[in-house]
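Chain naming here is simple, since letters A, B, ... match the order of the sequence lines and numbering starts at 1 in each. Values reported hereafter were calculated over all heavy atoms of this structure, with side chains retained and with hydrogens, waters and symmetry mates removed.
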Amino acid sequence: MLRFIFWRLLQAIPVIFVVITATFFLVRSAPGGPFDSEKAVLPEVKRALEAQYKLDLPLHEQYIAYLGDLSNGDLGPSFKYPGRSVNEILGSGLPVTAELGLYALSFALLIGVLAGVFAALRPNTRQDYIPMGMAMIGICMPSFLLGPLLVLIFGIYLDWLPIAGWGDLPGDKILPSITLGSAYAAYIARLSRAGMLEILSQDYIRTARAKGLPEWRVVIQHALRGGLIPVIAFLGPAFAGLLAGSFVVETIFQIPGLGRFYVQAAFNRDYTMILGTTVFLSTLIVFFNLISDVIAAWLNPRLRAQFKGGA
Amino acid sequence: MNTEQTALLMEAEDGASLWHDAWLRLKKNRAAVTGGVVLTVMVVLAILTPWIAPYGYEAQNLDLGATPPSAAHWLGTDIFGRDLLTQILYGGRISLAVGFIATAVALVIGVTWGAVAGYVGGRIDSVMMRFVDILYALPFMIFIILLMVVFGRNILLLFLAIGAVEWLTMARIMRTQVQSLRQQEFVEAAVSLGLPPSAIIFKHIIPNALGPIIVYTTLTIPSVMLLEAFLSFLGLGIQPPQTSWGLLISYGAETMEEYPWLLIFPGLALTITLFSLNFLGDGLRDALDVRGSKD
């Protein structure tokens with residue numbers, strides 16, 4: 001197990017390095033400097049600004065300086081919001097996005113696993129078709145359509161819930177969380193159905209049933225653990241998707257999180273902010289993929305055995 | 001035993017092609033057939049748009065403003081008095097074009113990459129696939145946004161960027177296929193005849209790996225269209241004066257309180273198309289008996 005974690009860590013390092021390098025040179029090769037779009041700046045002011053942000057140095061020296069700053073955890077200053085560092089901006093957005101993602105994921109897991117297990121218990125009956133049909137709708141209904149529709153129905157016509165904001169009004173966290181989570185609920189439902197179907201046909205389940213265990217104990221104690229491995233393995237990629245989804249959901253509901261900052265930085269051409277956010281988010285995503293791989297491996301007895309020998 | 005099954009059996013005895021079998025199976029899957037029909041209609045409409053659109057793309061009627069669906073404007077008009085049906089038709093052209101072209105880009109890169117890696121094998125294979133692994137771990141949504149910011153929001157780049165993201169799975173599927181195919185006798189025969197590897201890959205191996213490729217392609221198109229709509233919704237994809245379903249949805253969302261039809265109809269167009277593609281893809285997967293090509 002330790003060896004497995006070690007190997008996956010070793011693989012993650014070049015990935016993060018590639019991200020940092022590619023992002024850095026991409027952003028630096030962007031046409032037009034960050035101060036070109038401003039109203040005409042005096043040449044000497046511009047030079048001073050460039051010196052302050054180290055833009056007057058040759059590219060490779062800038063790169064080395066950036067790596068040096070990064071190794072201290074410093075993502076640099078923001079071009080567009082002078083006096084605020086990228087770290088500060090990310091620090092204020094992260095808790096919001098993390099909370100949103102947590103609610104969305106909890107919603108997705110709760111609904112998805114319930115629907116998937118429910119469907120797998122009676123395959124190819126109405127009990128299977130109805131939740132799986134809803135899952136198909138969830139997959140085909142993108143968040144940027146579902147969000148506005150939910151706002152229209154529950155926020156405007158029925159007037160039950162606030163239409164925007166985060167933590168300002170009671171209940172304003174409900175719609176964004178559902179919007180972000182529903183597509184994942186759909187995927188998780190399909191994955192857990194497939195996983196459960198496979199496990200429920202195995203011999204040890206027949207043994208458990210033959211022992212006379214009640215069905216709910218067979219499902220919960222024996223089948224769930226194996227049947228949910230695909231779901232756990234999906235959580236890593238889902239995390240990346242949730243972050244991307246937060247771009248849209250935070251924009252729709254005007255939530256001051258990481259996703260909204262990233263989209264704004266993209267619009268404002270705030271290069272340091274884009275660079276810093278990309279590096280930060282990428283590292284997070286790689287890290288979560290790592291965790292989900294490790295958990296999936298740990299839950300899967302075959303994989304675990306394979307790595308036990310070496311660990 | 002009904003006639004169709006008898007037909008299937010007879011075909012099997014005749015050694016009928018895999019494709020014919022698959023076609024018979026697909027025809028029985030009602031969801032997939034419906035998906036295929038709807039999709040064909042969508043594509044035909046998109047191709048014929050300049051001739052069948054009820055109004056000109058640029059035609060505005062500021063005095064009219066936003067009106068709900070009526071006899072003159074079946075799906076209503078937007079705030080500039082533009083006919084929504086016309087907008088959706090033209091938007092569909094772009095959305096479908098992005099879906100198909102970007103998928104084609106992914107197809108070409110992925111199939112070639114996977115075929116070469118799988119065929120050549122050895123160290124080159126492991127280097128090529130390690131490269132795919134690394135790219136897999138990258139957060140691509142973020143990278144596409146980055147590309148759109150750095151190089152400007154142009155549609156050609158959008159094709160390339162999305163295609164460049166989606167080829168990875170294709171390469172993996174192709175490699176697995178090729179690895180099993182190259183053990184087979186007909187490939188050995190081709191090698192002993194002295195055919196160059198490129199001819200073997202393109203003439204003998206790729207045609208025999210078509211099943212999984214077709215299935216995965218059908219399932220890639222909806223995810224590409226979703227990606228385009230996602231970017232356009234954020235304002236980072238298709239730019240006015242061009243339009244796409246994602247862009248129409250984003251306009252619709254801005255004014256949905258007063259004019260909900262501006263959100264609902266483009267949303268329906270996108271959702272129905274995605275539905276059709278997914279059903280068709282699932283149906284093809286069952287018909288061609290391809291396993292593990294999705295998720």
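The parts of A/Phe247 that come within reach of chain B are both its backbone and its side chain, each placing non-hydrogen atoms under 4.5 angstrom from that chain. Residue A/Val263 touches chain B through its side chain alone, counting heavy-atom pairs closer than 4.5 Å. Contact annotation for B/Ile272: neither backbone nor side-chain heavy atoms come within less than 4.5 Å of a heavy atom of chain A. If you measure heavy-atom distances from B/Ile249 to chain A, the contacts under 4.5 Å come from the side chain alone. Proximity to chain B (any heavy atom under 4.5 Å) is shown, for A/Leu152, by both the backbone and the side chain. When heavy atoms are compared at a cutoff of 4.5 Å, B/Leu277 does not approach chain A at all. With a threshold of 4.5 angstrom between heavy atoms, A/Leu243 does not approach chain B through any atom at all. Interface remark: A/Thr23 contributes backbone and side-chain atoms alike to the contact with chain B (heavy atom separation under 4.5 Å).
The number of heavy-atom neighbours closer than 6.0 Å to CD of A/Gln264, taken from other residues, nucleotides and ligands shown, is above 12. Taking a 6.0 Å sphere around CZ of B/Phe100, one finds it holds more than 12 heavy atoms contributed by other residues, nucleotides or ligands. Annotation for A/Met132: atom CE counts as buried by contact number, over 12 foreign heavy atoms lying within 6.0 Å. Around CG of B/Leu268, the count of heavy atoms belonging to other residues, nucleotides or ligands within 6.0 Å exceeds 12.
Contact check for A/Ile252 versus B/Phe233: side-chain heavy atoms found under the 4.5 Å cut-off. The shortest distance between side-chain heavy atoms of B/Trp245 and A/Pro142 does not fall below 4.5 Å. Two residues are said to be in side-chain contact when any heavy atoms from C-beta on lie closer than 4.5 Å; A/Leu145 and B/Thr271 meet this criterion.
B/Met256 and A/Val151 get closest at one heavy-atom pair: CE-CG1, 3.5 Å. Listed here is the closest heavy atom pair of A/Cys140 and B/Leu274: O-CD1, 3.5 Å.
Close approach to chain A, defined as a heavy atom under 4.5 Å from one of its heavy atoms, is seen in B/Leu226, B/Ala229, B/Phe230 of residues 222-230 of chain B, taken by number.
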